[in-house]
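As a basis for the values below, the full set of heavy atoms in this structure was taken, side chains included, without hydrogen atoms, waters or symmetry mates. In what follows, chains carry the letters A, B, and so on, assigned in the order in which the sequence lines appear, proteins first and then strands, with residues in each chain numbered from 1. All figures in this text were calculated on a predicted structure; none of them were measured in a lab.
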Amino acid sequence: MSQMVSSKINKNAPSFQELILKLQSFWAAQGCVILQPYDMSVGAGTFHPATTLRALGWEPLNAAYVQPCRRPTDGRYGENPNRLQHYYQFQVVLKPSPKNIQELYLKSLEDLGIDSLKHDIRFVEDDWESPTLGAWGLGWEVWCDGMEVSQFTYFQQLGGFDCSPVTGELTYGLERLAMYIQGVDNVYDLRWNDHGVSYRDVFLQNEKEFSAYNFEIADTDRLRDDFTKAEDECQLIIDKGQKDGKYYPFPAYDQCIKASHAFNLLDARGVISVTERAAYIGRVRTLAKICCEAYLSSIEEGDKS
Amino acid sequence: MTLGKSEYLLEIFSEEIPTRMQAKAAADLKTLVTAKLKEASLKFDTATAYVTARRLTLHIEGLDAVQPDVNEERRGPKADAPDRAVEGFLKSVGMPRDQIEIRELPKGNFLFAVIQKKGRKTSEVLTEFLPDLIRTFPWKKSMRWGARSLRWVRPMHSILSLLDGEVVEFTVGDEVTSSNKTSGHRFMGSGEFIVSDFADYKAKLAKNFVVLDMEERKDIILKASLKLAADEGLELVDDSALLNELAGLSEYPVPVLGKYDAKYLDVPPEALMSAMRTHQKYFSLKSSDGKLASRFITVSNMKTADHQAAIIAGNEKVLNARLADTKFFWDQDLKTKLEDYLPKLDQITFHAKLGSVGERVKRLIKLSAYIAGMMGTDIEKASEAARLSKSDLVTGMVDECPELQGLMGKYFADAEGLDSEIGNAIASQYSPKGPSDNCPSAPISVAVALAEKMDILVGFFGIDEKPTGSKDPFALRRAALGVIRLIVENKLRLSLRDLSAAAAEQYTSHDLMDMRRDIGDFFADRLKVHLKSEGVRHDLITATFSGSGESDLVRILERVSTLQALMACDDGINLLAGYKRAANILRIEEKKDGKAYDGVADLSLMSLEQEKTLFKALTQIEGRVEKAVEDEDFEKAMTVLAALRSPIDRFFDDVIVNSTDVSERRNRLLLLSQIRSTMNLVADFNKIEG
C-alpha cells in the first residue's frame, strides 16, 4: 500500500508573478505606498531603508514592497527543493500599527485564495531579533495548516532606539507561500507566469552560479577589504554631516548594507571564526546605530524648522 | 443597605498570547486581584482564572457588594484644653463640637471623635485599582503597539468587566475602556457579542467556538487523539508538555490524524519524532510493538465544512517536505565515518577560554581512560568512545535537531558497525540530565559520562565561570548532580578530589585557576540538594563532610546514613547533647583563657570516679572508632561511640568542670576535648542540629 500523500497541484492558483501583483494591489488599496525593491544586496526585506530607517520616528509610514534577499550560506547549487541563496520577500510596514492589522493580514491571504474557514491559520509566538541591526520586536510566525507562511512583528527597537509609534511589519516568504498555494513540492516547479515559464527557467542557472561564487570563488581578501571600506565610508558620511551640521543617514546606511553583505559572503566562504563573527556583527550593528541616530536627528530637526 | 453577594467577571481580550506565558498570567491575575480585594476588606467565596490563546479571564463569586463600614476613633486634646487646641482638633476631624465625645481616661478627660467611614461600593473599588493592576501586569516580556504607551503581552483589544451584570467602567492607559462586550473564535465566531454574567459568558463563548477552560481543552484533545489512534490500531506517544502547549494554542481544539510517507521510517525514530514535535507540534503514534508508525496527530483550531480535509492535506505536505530534509541529512551523514569528522571539531570553539571541541575530545580521551582504569573496565573502549563522542555535533542531523546530540552519534556508530558498548557510551554521555533521567550503568558509558561532566566542571570553574544565584549558563549544577548520581548509583569507589585533579591535569594548554576547594564545596552543596530530595537531613550531611574531609561519595553516604540511624535513637540524641555541652563549655573557656584545649587528660590528676570512668571509656574507644572508620565499618563506629553516652551523662551530672584547682580544671577541659576529638572522628557533631 502506498502511503505517499499525493500533493495536489493547483492549476488555478495564481502564478508567482501574479501573487506579487495581487499582494501589491491589495496593500495599495489599503493606502500603502508601493515601493520597488531596494537596489542593493540585502539579507532580508527589513534592511530596505523604508523599514530600517523609516520605522523610527513619529512620521506615519504605510508601505509595501517586494525585496529580493540574498543569503549566501543558503545556496545549494540548485539541488535542494526548499533552499535558495536568492529569494523574495514581500514586506508590509504600517506605522503606527493599526488596530486591525491582523484582520488586514488575514484579508490579504483571503485575496490570495487562502480561505480562513477552510484552513487552520495560527499565530504562533516568535520573537524577532536582528543582532546586526540592533533591532527586536514581538510577534508571531503565521502558520497555515502547519506551514509557516509569514512573519508578523511589532517593532520595539531599531538601531538600539525605541520605535515610537510602533511599526507593524508583515513579511511574506513568497516562494514558500507560492509553493503552498500552487501545491508544488519543489521551488523550481513553481509557475512563474501562465505562459509556461517556471521558477526553474528564471533562477536555476542563477542559483548554480551564485552558489559556486559564494562558496568557492568570492575573493575573501577583497571582501574583507570591502567591509572595511564600507565601514570607513559610512563613518566618513556621518562625520561629514556632523561637521556641517547636517545629516546624511540614507547614503551612510547604504554603506552599512554593503558591509553587511560583505560579511555574509565572508561567512559563506567559511573564513570567519566564531569570535570574529561576533566582532563583525558588532561592527555592522555600530554602523546601523549611527545611521539610525542620524536619521532620528534629521527628522527631529526637520520638525523644528 | 443589605450586604449582598455579587459576581464579578473580568476578561482581557488581546491578540495571541504565547502559550508558555499563559498559565502564569492566569495565576498572576488571580493573585493580584484577590490581594487587592483583601486589602480593601472585600470578601469573596471563590476566584477562578481562565486563559486561552486570546483571553485572560477572572471569575469571582460570592463577592461583597460593598466594603464594610468602619469607625475610626481619633483622640484629641484634654477636654479643658485651650480653645485653640480644641478648634484645631475639630478642624482636623471635620466635625462640630457637639458631635465630639468626652471620655474619661486615667490621665484625665479627653476629647474623642468617632469618624464613621462608609464602606464604598465594590464597583468603585474595582474601578480604582484595576487600571493600574492591568497597566503594570507582570508579563515576562511585554510590548507597545500603535501610537500608545500601554504595554501588554500583545496588543490588547477589549476588556469585559461585569459586576452582577453591570459594567464596571474603567480605562487602561487612555486606550482600552471596559464594556460588556467580547468576541468568540477568530474565524468561526460571529463577531462581537454582549455578555450579562459568567453563565451567559461561558454559554456564548461555547456557541462562538471557544472552550474557556484549559483543562476542558486538554481533555478534548486527549480523548479525541486517543480515539483517532485507536481507530488506526495505534497508540499515542505520551507527551504532557505538548498537550499543554496545544491546549494553549487553540480556543477550539480539533485533533486530526495525518500520514507521512513510510519510506522515512528508515530514519531514527527520535529524529522523526523531534521533527514532528519541535517544529510542527505533532503527536507521534506507535504500533503495539513499540515501533513508530507513519502517522501523526495535529490539533487544529478549526472545524471545517470538508471535515478538515484541506487542513490534513496541508499538514501532511508540510511534514513530508520536512522529513525529506531530515532523511536527506541522514543519508548524507551516513556517508562519513565518525572519525572523519575529527578535523572539523578543531574548528569549532567550545568556549573562547577553553579552546575547541577538538581539544576537548583530546582531554576526554585521556580522562575517560583514567576513569576506566580506576573502575577496572576496558580502557581502550572507553577512550575510543570518548574519541568519537563529539563527532555527531558536526553532522547535518544534529545541526537540524540539536537535542539529539549523543543519540545520533550512537546511530552513526552502530551503522559503522562499531562495538555496541561504544555506541551506547556515546548515546548516554550527557546523562543523567537531571534528577529523574536514567543514569548510565554500563561501565564504558559510566566512564565517558563522568569524563564529559568532570571536564566541564573543572574547565568552567578554572576560568571562574561558576554558577551564581539563578544563573547557571553552562548547566554546571546539572553536571555535578550527574557526577554524584553516576558515582553513587554505580557505587564507584572514586575520590572526587582525585577525579577533579585528573580532569584538571588534561587542561595542559590552558591556564586554569586552582579551584579544587571551590569544586569540593560545590559538590558538597549539590550532594546536599540531592540527598535532601531523598529525605536525608541536611545537617547530617554537613556534619559528615565537615568532619571527614572525605571525598569518596560512597563512603560519605554510608556515613550519613549510619549517622542518621544513630540520631534517630535515644543514645544518639543524648550523645549529641553531651557532645554539645562539652563543646560549649570548651568554647567558652577557650575564649576566656585565650587558648585551645586539645590533648589527652592525665589520669593521675583525676579525683572523681566519674571522670576516671569517662577517661577510660574514651581511651578505650578512640582506637576502636579509628579502626572502624578505617575499615569503613561506620555502623560499628557508631555503636562504639554510643557506648560513650552513659559515662558522659554521669560526668556532667556529677563533675564540675570549672574546678577551683587550676590543674584539675585544665585536666577536665582536656577530657572534654577528648570527647570532641573522638566523636569528630566520625562526624562533626557540632554541625548537627538538635
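Of the two parts of B/R154, only the side chain, counted from C-beta on, holds a non-hydrogen atom closer than 4.5 Å to a non-hydrogen atom of chain A. Within the 4.5 angstrom heavy-atom criterion, atoms from both the backbone and the side chain of B/H157 approach chain A. Contact of B/V254 with chain A is not made at all, since no heavy-atom distance falls under 4.5 Å. In this structure, chain A has no heavy atom under 4.5 Å from any part of B/V256. With a threshold of 4.5 angstrom between heavy atoms, B/S142 approaches chain A through N, CA, C or O but not through any side-chain atom. Residue contact with chain A, scored on non-hydrogen atoms closer than 4.5 Å, is absent for B/T298. Looking at B/N301, both its backbone and its side chain come within 4.5 Å of chain A, counting heavy atoms on both sides. Contacts of A/L106 with chain B are made by side-chain atoms alone, with heavy-atom separations under 4.5 Å and no backbone atom involved. For a residue to count as touching a neighbouring chain, one of its non-hydrogen atoms must lie under 4.5 Å from one of that chain's; by this rule A/E148 does not touch chain B.
Residues from residues 161-170 of chain A that place a non-hydrogen atom less than 4.5 Å from a non-hydrogen atom of chain B comprise A/D162, A/C163, A/S164, A/P165, A/V166, given in numerical order.
Put simply, CH2 on A/W143 and CD on B/Q280 are 5.5 Å apart, with the number rounded to the nearest 0.5 Å. With rounding to the nearest 0.5 angstrom, the CD atom of A/Q156 is 6.0 Å from the CZ atom of B/R151. Of the inter-residue distances, the one linking B/I17 atom CD1 with A/F123 atom CZ reads 14.0 Å to the nearest 0.5 angstrom. If you take OG1 on B/T19 and CD on A/E125, they are separated by 6.5 Å, rounding to the nearest 0.5 Å. Rounding to the nearest 0.5 Å places CH2 of B/W145 at 9.0 Å from OG of A/S97. The CG atom of A/D115 sits 9.5 Å away from the OG1 atom of B/T304 when rounded to the nearest 0.5 Å.
Salt-bridge formation is detected for the pair A/D185/B/K317: a Lys NZ or Arg NE/NH1/NH2 atom is positioned less than 4.0 Å from an Asp or Glu carboxylate oxygen. Between B/E15 and A/K99 there is no salt bridge, since no side-chain N of the basic residue sits under 4.0 Å from a carboxylate O of the acidic one.
Each of A/K118, A/M179, A/M147 has some count of heavy-atom pairs under 4.5 Å with chain B, and the biggest count is that of A/K118. Ranked by heavy-atom pairs shorter than 4.5 Å toward chain A, the options B/V153, B/L249, B/D306 are led by B/L249. Of the listed residues (B/K141, B/R20, B/M143), the greatest number of heavy-atom pairs within a distance under 4.5 Å of chain A belongs to B/M143. Among A/L117, A/N80, A/D126, the residue making the largest number of heavy-atom pairs under 4.5 Å with chain B is A/L117. Ranked by heavy-atom pairs under 4.5 Å with chain A, the first of B/G146, B/S149, B/G314 is B/G146. Of the listed residues B/R186, B/R322, B/K303, B/M21, the one with more heavy-atom pairs under 4.5 angstrom with chain A than any other is B/R186.
Of all non-hydrogen atoms in B/A147 and A/P96, the two that sit nearest each other are N-CB, 3.7 Å. The two residues A/W140 and B/E16 come nearest to each other via the heavy atoms NE1-O, 3.0 Å. A/H119 and B/A310 get closest at one heavy-atom pair: CE1-CB, 4.0 Å.
Under the side-chain contact (heavy atoms from CB on, under 4.5 Å) criterion, B/L257 pairs with B/L228, B/E232, B/L285, B/R295, B/I297, sequence neighbours left out.
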Q: Mind running salt bridge (charged side-chain N to carboxylate O under 4.0 Å, His left out) on A/R76 and B/D325 for me, showing each step along the way?
A: CA-CA 13 Å; A/R76 293 292 183 271; B/D325 253 12; over 6 Å; no
